[in-house]
Structure formats: structure tokens, C-alpha cells
Amino acid sequence: MLDARYVRENVESVRNALKKRGYEFPLVEFLAIDGKRISLLKEVEELRNRRNIVSEEIGKLKGQRADTTAQLAEMKGVSDRLKELDERLHDLESETKTFLLTIPNIPHESVPVGSDENANKEIRKWGCPRQFDFEPLNHWDIAEPLDIIDFDRAAKISGARFAIMKGMGARLERALMNFMLDTHTAKGYKEIFPPIIVNRDSMTGTGQLPKFEAELFRVADPEFYLIPTAEVPVTNIFRNEILKEEDLPVYFTAYTPCFRREAGSYGKDTRGLIRQHQFNKVELVKFVKPEESYDELEELTGNAEEILQKLDLPYRVVILCTGDLGFSSAKTYDIEVWLPGQNRYREISSCSNFEDFQARRAGIRFKREGKKGTEFVHTLNGSGLAIGRTLVAILENYQQRDGSVIVPEVLRPYAGTDLIR
RNA sequence: GGAGAGGUGGCCGAGUGGUCGAAGGCAGCCGCCUGCUAAGCGGUUGUGGGGGUAACACCCCACCCAGGGUUCGAAUCCCUGCCUCUCCGCCA
């Protein structure tokens, strides 16, 4: 969420910045509502002031058993008027809030301007795609003879875009989760295992709601949502809290299942493990001081890259252009892993700095030593990494002519074997 | 699921319709005192919004779990929700 006052005072620059991401900011409407809200607020506060003064007077007079008829008569009028204006103020406040909640974040100045993913820029590449002396297979064609993933029965149990991991498939999933968590905790991230069903306020805090309801699974009766990423519960750990300066930065890592409707992606990645309604992911989340957040983003991205380096999987890092940036993000790096079966790089991690966008929605603040007032922290997060897609990358990159798959060295203690056959 | 109790400032805890942003204690900070420490004494210590200032100061409004209601006036009364605790039942 943007700061209402900042928007009010920097209308043109806000509008131009948002234009870069293809968002037309309805400036006139906003200023009209916001202006009305403020003038009404002043009026309401004046009335409340009057009410406070007179009711105190009444209290004193009653204490002296004096006559209060005149005061009571005035107060009746004040009270009625206040009630009416208060109601209108309420409406305007929630209107302003809703308005602000649906405006995306302002891109950082270092983000390349562009309208869609074609304008994303490759920042760096790591590793060399392997040269195969045979035609490399898709991961589902590798998995089927090995009997480690069962899509058909998963469809029977649940539906399309679900998978059953079996045998070494399941073991590899577990191995990756442990390997990733161990690597990140060694780097100073504290391990978190959060709830994966959350309330509406949490979804609003990180920016999934109110705009992206269609992408979420909802539990109907008491209203809950299944998390689309651990970012949601983990970032909301500090919702409506004021942290001490000395507590920052805070680094968390969390393994969770993730649930996504994938509405509107019909026909995309219909086969295989790439796009599932349920998948596992290890996430990295940071709470930092504003002046440090861009350095922290580089570091966080590096922490995610380290997983791929240790697994010896070739990848590249791409910076998303303004038009491809997520709603809440000010700057995002995507890490894309090489998939021989698709002969292209595919997203496996997304690392973002949200600046104070989520912190303002979620009310996550900190107090500087010796300074008055509070400031919003900056929040960051990134996948470190998506486990299903990592498994895909391993199958496709480590496949052999005979259909077996070599287990990457760092994973062997976790997987209990060096070869899947 | 049934029965009951409760949610007040960083923490403990009083208040039960008017003078309450809220007694008292602890903790923190600043002074005084003391050879040092402790004790003692005095002062001070929340958040958001609006106004104001060069910047302070200062003024106003709101906040006693959240949202509604009653009332001239609500921390206090009523309703709903959330959360916590106790007992019973059930259960991984």
C-alpha cells in the first residue's frame, strides 16, 4: 500500500511511476475522495471536541446538582449531527483504504522499463548447459519408467495439476527440503514452520487480497485461505508489531506446501510438475531497515542461487521489467534454471524487495534508538527454492541414456543413494 | 461439542457510566543523594491522525482485543466476532 499523504503530495510522480508498469492511476477520483475525507475529518473532530467539552461540563454541573437543561439540549443536536457525519466519514475512509489497497507498488529506479516479460534483462548466467549425446527427455518421460511420479492416479484422487510422488520421487522431495533448510539455516536464517491456512488479514497484509482472490483456494465456512507461498504466514508474523532497531535484520526460512488456483493458465504447462495446484517450496523472508534493503535483496538472491550452485544446475538471473513486476514488488530478480527437456530456462525462484509496501499494509514497524516515532520496515522474500521445479531440473539435467538419474552429490546424504534407477 | 471465567499501557495490576490516556507497582530513562553499588527522593517514559513550527514547543481527535449498539457522555452497559484460560466429552 502506498502512503496516502505521499500520493497526495506527489501525484504526478506517482502516476508516472505506475504508468511504467502499465497501471493507469485514477488520480482525479482518488484526490476527490481523499479531499472529501480530510475536510469531513476536520469537521467531525471539531464536533467531537465540542462534545467532549460540554459533556465534561455536564458532569461537573451534575456533581453540583446544578441545572443542565441547556447543555443537554445542545448536546442532543451535536450528537445527532456527529452521528450522521461519522457515518459518512466511515464510508469515505473505507473507500480510500480500498482504493489504496488496489494500487500496485512503485517500481525502483533501477528496474528496466518495459511492458512485458520480453523486456526483462538477463543479469548473469551460471554454469553451462550439458551437452547430451542422446535426445534428453522431459521429466515426466523420465519419471514414468522409474515409477517415481504418478499423475494419473493423482488426477483420480484430486484432479488435474496434482501429483503423487512415489519411492525415490518422494524421497527426493524430502531430501531437497532438508538440504535447502540446512543450507539456509547455516547462513543465519531461522527456521519457521508456519500455519498454511491463514485469515483474510494476513492475505491483505502481503498483498494477495483484495485484488487476487481468484488465484487463491479458500476454505468456506470459517473464512480461511490456503497459502500460495510461505511469504504470507511468515511475513505476517510481525503484523501490527513494533520491532526494536536492534532486532533487525530478521531472517526467516520456511518450508511449506503452497496452493494456487492457476486460474487463467489453462493450457500452460498442462503436463508434468511445473505448474501444480499444490507444491512444496522453501522460502526466504527478511525484515530489514530501509537503507539496507537493496543490499539485502542482492544477498537474498545469492542465497537462493547457492542452492542451484551446490546442486550444480545451470541457471541465469533475470531482472523483471516494470511491466512484469508483481503487484507488491518494487524490484524482482527471477532465477531461471536450465531444463534440457524443454531446451530453455524456467523460473525456479523469484526474489523481491517490497520496500515498505507490505509493511504499511501489515503494520510492521520499528523504532530507531533515540529517535521519536516509528518507521516501516522493508520486507523481502524469495524462493529458495521451489522444490518441485528443482526436482524437475535434477531429473532433466542428470538423466542418463539408460533412463537412470544421477543424484547430485550434495543430495546423496539426504537421498541415501547416488543413482535413481 | 457442552459448561464457566477472562482480554486494560513494555510487564504486573486497579478502575465499573462523567473530572480516565487511565491509580499503584515493576522495568526503562534523566536528575539529586552516596567514596562505589544498592536503598531513598524528584521527574519522565505509548501509538496513529489532523493542525502548528525553520525545527522544537504546543493544540485538537482517536486508541483500555476487534466491530457494531445504548447514552448528552462508555475502559465501564448491551450485541457480534476473535483470542486466552478452567472443567467435562471426543480425538491425531
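In the text below, chain A, chain B and the rest are named by the order of the sequence lines, each starting its count at 1.
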Partner nucleotide of B/C41 by Watson-Crick or wobble geometry (both distances under 3.5 Å)
B/G31

Mind checking A/Arg50 for me? I need base, sugar-phosphate or nothing, with any heavy atom below 4.0 Å counting as a touch.
nothing

Please state whether the phosphate of B/G73, meaning OP1 or OP2, lies under 4.0 angstrom from any side-chain nitrogen or oxygen of A/Ser79.
yes

Should A/His90 be listed as having a side-chain N or O under 4.0 Å from OP1 or OP2 of B/G67?
no

Under 3.5 Å on both distances, the Watson-Crick or G-U partner of B/C11
B/G25

Starting at atom CG of A/Leu243, determine the distance to atom P of B/U47, rounded to an integer number of angstrom.
14 Å

Take the protein atom CG of A/Leu47 and the nucleotide atom P of B/G73, then report the distance between them rounded to whole Å.
12 Å

Pairing nucleotide - B/G4, Watson-Crick or G-U, each distance under 3.5 Å:
B/C85

Run the salt-bridge test on A/Glu213 and A/Arg200 with the 4.0 Å N-O cut-off and return the result as yes or no.
yes

Sorted by chain and number, sequence neighbours left out, salt bridge (Lys or Arg N to Asp or Glu O under 4.0 Å) with A/Arg161 holds for none

Would you indicate which nucleotide in B/A62, B/U47, B/G50 comes nearest to any side-chain atom of A/Asn52?
B/A62

Test item: side-chain donor near acceptor, A/Lys281 and A/Thr256, under 3.5 Å:
no

Base, sugar-phosphate or nothing for A/Ile58? Non-hydrogen atoms, less than 4.0 Å.
base

Within the 4.0 Å heavy-atom criterion, would you say A/Lys60 contacts the bases, only the backbone, or no part of the nucleic acid?
nothing

Among B/A62, B/C72, B/G48, which nucleotide sits nearest the side chain of A/Thr374?
B/G48

Got a donor-acceptor pair under 3.5 Å from the side chain of A/Glu45 to the base of B/G51?
no

Looking at A/Arg5, does any N or O in its side chain come under 4.0 Å of the phosphate oxygens OP1/OP2 on B/G50?
yes

Please give the nucleotide sitting opposite B/C20 as a Watson-Crick or G-U wobble pair, both distances under 3.5 Å, or none.
none

Regarding the side chain of A/Ser55, the nearest nucleotide among B/G18, B/U47, B/C61 is B/G18

Hey, does the side chain of A/Arg51 come within less than 4.0 Å of B/A62's phosphate (OP1/OP2), counting only N and O?
yes

OP1 or OP2 of B/C61 sitting under 4.0 Å from any side-chain N/O of A/Asn49?
yes

The side chain of A/Lys42 is closest to which nucleotide in this list: B/G51, B/C72, B/G49?
B/G51

Establish, with yes or no, whether the OP1 or OP2 oxygen of B/U47 is under 4.0 angstrom from a side-chain nitrogen or oxygen of A/Lys367.
yes

Phosphate oxygens OP1/OP2 of B/U70: is one of them under 4.0 Å from a side-chain N or O of A/Lys83?
yes

Among residues at least two apart in sequence or on other chains, which ones pass salt bridge (Lys or Arg N to Asp or Glu O under 4.0 Å) with A/Asp356?
A/Arg360

Taking A/Glu291 first and then A/Arg368, would you say they form a salt bridge - that is, a charged N and a carboxylate O separated by under 4.0 Å?
yes

